[in-house]
Asks: 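Encoded as structure tokens, here's the structure I'll be asking about.
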Protein chains: 2
Amino acid sequence: MSTSFPAFPPKDHDHCACLNTALGRAKARCNEQGIKWTALREQVFLEVATSHKPVSAYDLIDVLAKNGKRVAPVSIYRILDVLQSAGLVHRLESRNAFFACMADHGSAAHTITLVCEDCDRVIEAAAPDALHAIAAAAEAANFLMRHTVVEVSGLCADCAAREAPSC
Amino acid sequence: MSTSFPAFPPKDHDHCACLNTALGRAKARCNEQGIKWTALREQVFLEVATSHKPVSAYDLIDVLAKNGKRVAPVSIYRILDVLQSAGLVHRLESRNAFFACMADHGSAAHTITLVCEDCDRVIEAAAPDALHAIAAAAEAANFLMRHTVVEVSGLCADCAAREAPSC
DNA sequence: TTCTTTTACGTTATAACATTACATATTGTG
DNA sequence: CACAATATGTAATGTTATAACGTAAAAGAA
């Protein structure tokens, strides 16, 4: 199976290549949108993208600090705002954390977010039917939908297998 | 139109009756589940339910303080946990806030949450199709779904009408 | 080029949200 | 009543996010 919105990446996938692809896409996207790609933005984006797990703003501060770059919270939040508005990073509302968008979709993409409670990995899964049904329900309630958050927590296949090894 | 999951309540609805119904249901629910209905829990529940808007834990502390009852954050969070586990109060992840469940459904109810960006009112809308589609997408990704958050922000009918009066 | 404007980033302080660890009080049951 | 279980209090602290204002660096115009 090979779709544009894959399942959780295998643990041994080529992370370096994966990261480079994301980086290239990110630069291109910012270029299109007239958003400057600065050194600091790149560092932040790479830190977010390096982890397939959601990271908090303060996680990022810590990591950058270890790399010798001290950044204040407000700077991180500003940069995360920029990356979010470019659609390169999404916020995981249910965890007050951020993760890199690994797919090449617009901000209005019909995807939902799946988070593994065990290993914390995050993926986006295509779910146009779900988004349409949500739109229909909103419309039925006479509600003008602007932004939708769909976050599912549970177990990824790997962790589910590990938790129930007897079967 | 009259469903069990109504649209936003009219601004002039009988809030007092609405509150009493919710209160009765809350007590009954706790009784069923073997959860004690204490004076403090009642106060907290009523404060949450009195507002159709999401309230933060610290909002609740402030309101209770005005009513002469000083409560520490930890107590509020504990009580909110209890009310949430009883399905009487839900957390609005996208706002770090809480709102009372006005419908008589279990915690696994097939509802989504609609929040008006303008007036901040919250309702839950039935959306079984949406939830089923989400389940299908999760399954397709080989993901064992445990908990789902669906929060839609936008404009309720009243506010949409107010924002676009020319039409 | 210099001047000007805009955008990015830094500094400091503080607000807002949430939990840990431990103590006390209240309630229900034998 | 004594006891156990549950609920709440107290104090401290951890975590997440923003406001207000200053400086620097980049982009565009004269």
Side-chain angles (χ1 to χ4, degrees), chain A residues 26-27 30-48 51 53-65 67-86 88-99 120 149 151, chain B residues 26-27 30-48 51 53-65 67-86 88-99 120 149 151:
Chain A
K27 284 181 178 174
C30 283
N31 213 35
E32 282 166 24
Q33 302 190 359
I35 295 171
K36 284 183 212 163
W37 189 257
T38 69
L40 194 50
R41 286 172 185 177
E42 177 164 323
Q43 280 187 76
V44 171
F45 176 76
L46 286 176
E47 291 305 341
V48 178
S51 174
K53 302 178 184 181
V55 289
S56 76
Y58 286 80
D59 290 340
L60 293 168
I61 289 171
D62 291 347
V63 175
L64 293 186
N67 295 353
K69 176 68 185 173
R70 314 192 83 261
V71 187
V74 70
S75 294
I76 291 289
Y77 281 104
R78 282 194 286 231
I79 289 169
L80 287 170
D81 280 348
V82 169
L83 296 176
Q84 277 178 269
S85 70
L88 299 170
V89 160
H90 302 310
R91 181 183 168 82
L92 192 59
E93 299 292 346
S94 52
R95 297 203 180 186
N96 297 339
F98 304 85
F99 63 96
D120 293 326
V149 172
E151 296 175 5
Chain B
K27 285 180 178 173
C30 284
N31 214 33
E32 282 166 25
Q33 303 191 356
I35 295 170
K36 283 185 213 162
W37 189 256
T38 69
L40 193 51
R41 285 172 187 178
E42 177 164 323
Q43 281 188 74
V44 171
F45 176 74
L46 285 176
E47 290 306 341
V48 177
S51 174
K53 303 178 184 179
V55 290
S56 76
Y58 284 79
D59 289 341
L60 292 168
I61 289 171
D62 292 346
V63 175
L64 293 185
N67 295 354
K69 176 69 186 172
R70 316 191 82 259
V71 187
V74 69
S75 294
I76 292 290
Y77 282 105
R78 282 194 286 229
I79 288 169
L80 287 170
D81 281 349
V82 169
L83 296 176
Q84 277 178 269
S85 70
L88 298 169
V89 161
H90 301 309
R91 181 184 167 81
L92 192 60
E93 299 292 347
S94 52
R95 296 200 181 189
N96 296 341
F98 304 85
F99 64 98
D120 292 326
V149 171
E151 296 175 5

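All figures in this text were calculated on a predicted structure; none of them were measured in a lab. These values consider heavy atoms only, across backbone and side chains, with no hydrogens, waters or symmetry-generated copies. Labels below follow one simple rule: chain letters A, B, ... track the order of the sequence lines, proteins then strands, and each chain is numbered from 1.
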Asks: Whole Å only: how far is the CD1 atom of A:I35 from the P atom of C:dT7?
Replies: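 These atoms are roughly 12 Å apart.
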
Asks: Is the side chain of B:S51 donor-acceptor paired with the backbone N or O of B:V48 at a distance under 3.5 Å, no angle test?
Replies: no

Asks: In this structure, how many angstroms lie between the P atom of D:dA7 and the CH2 atom of B:W37, rounded?
Replies: 13 Å

Asks: For a quick test of reading the model, state the closest non-hydrogen atom pair linking B:A86 to B:Q33 and the distance between them.
Replies: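 Residues B:A86 and B:Q33, closest heavy atoms: CA-OE1, 3.5 Å.
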
Asks: Write down the distance between CZ (A:R70) and P (C:dC9), rounded to a whole number of angstrom.
Replies: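 Roughly 18 Å, once rounded to whole Å.
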
Asks: Quick one: CD1 on B:I61 to OG on B:S56, what's the gap to the nearest 0.5 Å?
Replies: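 Going from CD1 on B:I61 over to OG on B:S56, the span is 8.0 Å.
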
Asks: Rounded to whole angstrom units, what separation is found between the CD1 atom of B:I79 and the C1' atom of C:dT26?
Replies: 14 Å

Asks: Under 4.0 Å from OP1 or OP2 of D:dG9: is there any side-chain N or O of B:K69 that close?
Replies: yes

Asks: Between B:R95 and A:R41, name the one whose nearest nucleotide on DNA chain C is closer to the 5' end.
Replies: A:R41

Asks: When the distance from CD of A:E42 to P of C:dA8 is rounded to whole Å, what number comes out?
Replies: 16 Å

Asks: Rounded to whole Å, how long is the line connecting atom CD1 of A:I61 with atom C1' of C:dT11?
Replies: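 Rounding to the nearest Å, CD1 of A:I61 and C1' of C:dT11 are 13 Å apart.
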
Asks: Regarding A:N67 and A:E47, do their side chains bring together a donor and an acceptor under 3.5 Å, going by distance alone?
Replies: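 Side-chain D/A pair, A:N67 to A:E47: present.
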
Asks: Do any N or O atoms from the side chain of B:E151 and from the backbone of B:E93 form a donor-acceptor pair under 3.5 angstrom?
Replies: yes

Asks: Please report the shortest heavy-atom distance between B:F98 and B:Q84, naming the atom on each side.
Replies: CE2-OE1, 3.5 Å

Asks: CG of A:L60 versus P of D:dT16: gap in Å, rounded?
Replies: 11 Å

Asks: Give the B/S/- string for nucleotides 17-28 of chain D, one per nucleotide from 5' to 3', where a protein heavy atom under 4.0 Å of the base yields B, of only the sugar-phosphate yields S, and otherwise -.
Replies: BBB---------

